[in-house]
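One-based numbering along the sequence shown. Just so it is clear, the structure is predicted and the values come from calculations on it, not from any experiment.
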Amino acid sequence: MTGGGGKPQNIFKLNRGDDPKEVLNWRLWFAVLSFGIMGAARGIDEGLISGTLSKTHFTHKLGLDKMGDVELANVKGNISAMVQIGSVGGAGLAFLLCDRIGRLWATRQLCLIWILGVVIFLTNDGRLGQVYAGRFIAGLGIGQTTVVAPVYLSEIAPKSVRGLCTCAFSGSVYIGIMLAYFSSWGSSLHIPKGTSNQWVVPTTIHVMFAGIIFILSFFNYESPRYLIKCGKDDLATNNLARVRGLSVDDALVIKEISDIHNQLQEEKEATLGQGWLGILKEMFFMPNNFYRIYLGMFSQLLSQWSGAQSITIYAPEFFALLGTEGQNEKLFATAIFGVVKFVAAIMCALFLVDVIGRKRSLGIGIGLQTLSMAYIASFLTAIPQLEKGQEFTSSQKHASTGAIVMIYISGFGWAMGWNSIQYLLNAEIYPLRIRAISSSLVMCFHFVNQYGNSRAVPNMLLEKSHGGLGPAGTFWLFTAITLIGGVWAWLFIPETAGRSLEGMDRLFTLRWWQIGRFGETDANEQVIAQEKWENDKKNVKVSQAQVENKV
């Protein structure tokens, strides 16, 4: 097929569709490992901060243990959300650096900023302002990972396994979460209570991952698509040939380079070389591109407010709401939650996004998430919160166990649904000329929403008398938003599996209200029509040659 789509293939077949088996080689998987693990940056922070805020030494040093409920909710919200504020700037900065210094050097500098912020946070010595500053600076580095890694992975991956390669990033979020949860649990068991090491030792995971990613970046190749954009065609061809495991004169390499050139040339002609003004016009005044940005924005809005991200950040508190008692028990339940999410992300990457397609995977995930959120909301509505010293009745205990199971199911649904798709869509649907800036814009919006959500949840959980929604009201809100997100996704998101980056334009030629339901069918019809036209043209040439030979 000429840049078109097709039915996703079984991921265990080495020869996938019209991609030769050589494209699935060790250089590709090494690049996927090197850039995929950048997803752990967010996961580590989300998994650690709840445990850090519960450590005796940390709360005593900062005076959190002397605060009232409302003040404590505000401070905890600020500490948790400060990384998201920094990440807004980081996501915007990533666009400038990705297109100015390349994907590899952008990776190296974000690792250094990330480490600097963590070091400032670790050395706070009870200064709340330094805690905020350190987490903000760390966010500047962490926020860049959500642009740099998915864009790089989507640009070097063969179209048949692009979903798998890009989902390595979203899957690594759960590696980070899982390691963070278990390190918090382990430190509570094996490090003396009341010492700084209880929260300092787990936090050093940040530095370890940033250092590993920094070193691995020196053993990878720059994105061929970025190099072509910079006019370095020979180097781009060499890098693409290496990553594909083919020679520079192989037909697949030549065709892919040609497709990239053609798309870039079409984009330049469309904007008439108007520089920044042309890029902005291309983003917001070309209907098919504006629709893609709309998809990116709304997927972030609906996914971030569906509640699953809040459960990740404040997992111990949510388990406590459902009847899990004791600090170690809450941290253990939280650690298992990390394992469940990690397994779901792996299943999604291996068996769903490139096998049953992005849209079906998202639908299944949203369905599970809606069911679990509705059960938890019903439980919290029907059963009042326990006062200290009270216990559930037998029937209430069974219902409580069911609610805890539903927390795990919600994590499973989130990992295989919104969390994978929000990064995958944002990495693959934009044209090359505006890919980095569009991805950065959407990820800025991602972190704005994540900041708002992280900052709001502690206050939302407060009782209505204190200005909150209460636990039950909070989960009913999450249920409603998740359900709305499922309907919106079915109506507006097209299926992108099995389609080359340069072939994405075919999905967006219909009217905006038709793209989600009919875009894939229309794109495939365009591919068939083009192939028929090329075959007819080839047959005419053969016929003419035969006539000339007879003459």
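In this structure, K359 has no salt bridge (charged side-chain N to carboxylate O under 4.0 Å, His left out) partners at least two apart in sequence or on a different chain. Legend: residues meeting ring pair (Phe, Tyr, Trp, His ring centres under 6.0 Å) with F219, ordered by chain and number and at least two apart, are absent. Take E46 and apply the salt bridge (charged side-chain N to carboxylate O under 4.0 Å, His left out) test, not counting sequence neighbours, and it matches R42. Residues satisfying the ring pair (Phe, Tyr, Trp, His ring centres under 6.0 Å) criterion with F478, sequence neighbours excluded, are F475. Qualifying side-chain contact (heavy atoms from CB on, under 4.5 Å) partners for I113, counting only residues two or more places apart in sequence or in other chains: Q109, I137, L140, Q144. Legend: residues meeting side-chain hydrogen bond (donor to acceptor under 3.5 Å, both in side chains) with N74, ordered by chain and number and at least two apart, are R455, N459. Here F35 pairs with Y152 under the ring pair (Phe, Tyr, Trp, His ring centres under 6.0 Å) rule; sequence neighbours left out. Every residue two or more places apart in sequence or in another chain that forms a salt bridge (charged side-chain N to carboxylate O under 4.0 Å, His left out) with R292 is listed here: D505. Partners of L368 under the side-chain contact (heavy atoms from CB on, under 4.5 Å) rule, at least two apart in sequence or in another chain, are I364, I409, F412, M416. Residues satisfying the ring pair (Phe, Tyr, Trp, His ring centres under 6.0 Å) test with Y132, not counting sequence neighbours, are none.
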Verify side-chain contact (heavy atoms from CB on, under 4.5 Å) between L301 and W488, making sure each step is shown before the conclusion.
CA-CA 12 Å; L301 177 69; W488 176 84; over 6 Å; no
Starting from the C-alpha separation in whole Å, work towards a yes-or-no answer on side-chain contact (heavy atoms from CB on, under 4.5 Å) for I407 and S372.
CA-CA 7 Å; I407 286 277; S372 57; over 6 Å; no
Residue pair I49, V83: steps toward the side-chain contact (heavy atoms from CB on, under 4.5 Å) verdict:
CA-CA 10 Å; I49 191 60; V83 162; over 6 Å; no
Verdict with supporting geometry, I311 and M373, side-chain contact (heavy atoms from CB on, under 4.5 Å):
CA-CA 11 Å; I311 295 175; M373 291 293 183; 3.6 Å; yes
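Remark: side-chain polar atoms of Q198 are paired, donor with acceptor, to backbone N or O of I191 under 3.5 angstrom. For the pair S410 (side chain) and Q369 (backbone), a donor-acceptor distance under 3.5 Å is absent. Formation of a donor-acceptor pair under 3.5 Å by the Y291 side chain with backbone atoms of F492 is found in this model. Between the side chain of R108 and the backbone N or O of S217, at least one donor-acceptor pair lies under 3.5 Å.
Within the 4.5 Å cutoff, the side chain of L53 has heavy atoms near those of the F58 side chain. Side-chain atoms of W476 and L380, non-hydrogen and from C-beta on, never get closer than 4.5 Å to each other. Using a 4.5 Å heavy-atom threshold, the side chains of F379 and S400 count as touching. Two residues are said to be in side-chain contact when any heavy atoms from C-beta on lie closer than 4.5 Å; V405 and Y375 fail this criterion. With contacts defined as side-chain heavy-atom distances shorter than 4.5 Å, the pair L441/M297 qualifies. Between V147 and L93, the closest side-chain pair of non-hydrogen atoms is not below 4.5 Å. For the pair D125 and K61, the minimum side-chain heavy-atom distance is below 4.5 Å. The closest side-chain heavy-atom distance from L179 to I44 is not below 4.5 Å.
For the residue pair W305/N453, the side-chain donor-acceptor check at 3.5 Å is not satisfied. Side-chain contact annotation: D65 with T59, donor-acceptor N/O pair under 3.5 Å absent.
For the atom pair CG (L477) and OG1 (T482), the distance works out to 9.0 Å, reported to the nearest 0.5 Å. The structure places NZ of K76 at 12.0 Å from OG1 of T52, a figure rounded to the nearest 0.5 Å. Between L280 atom CG and I437 atom CD1 the span is 6.0 Å, to the nearest 0.5 Å. Note that CD of Q300 is 9.5 Å distant from CG of L425, once rounded to the nearest 0.5 Å. For the atom pair OG (S438) and CZ (F284), the distance works out to 7.0 Å, reported to the nearest 0.5 Å. L116 contributes atom CG, which lies 13.0 Å from atom SG of C111 (distance to the nearest 0.5 angstrom).
Aromatic ring orientation, F214 versus F218: perpendicular (interplanar angle above 60°, classes split at 30° and 60°).
Atom NZ of K464 has 12 or fewer heavy atoms from other residues, nucleotides or ligands within 6.0 Å. Within a 6.0 Å radius of CZ in F298, other residues, nucleotides and ligands contribute 12 heavy atoms or fewer. Within 6.0 Å of the CZ atom in R100, the count of heavy atoms belonging to other residues, nucleotides or ligands does not exceed 12.
Sequence neighbours left out, the pairs with a member in residues 200-215 that pass side chain to side chain donor-acceptor pair (under 3.5 Å) are W114-H206. The stretch residues 86-96 participates, sequence neighbours left out, in no side chain to side chain donor-acceptor pair (under 3.5 Å) pair at all.
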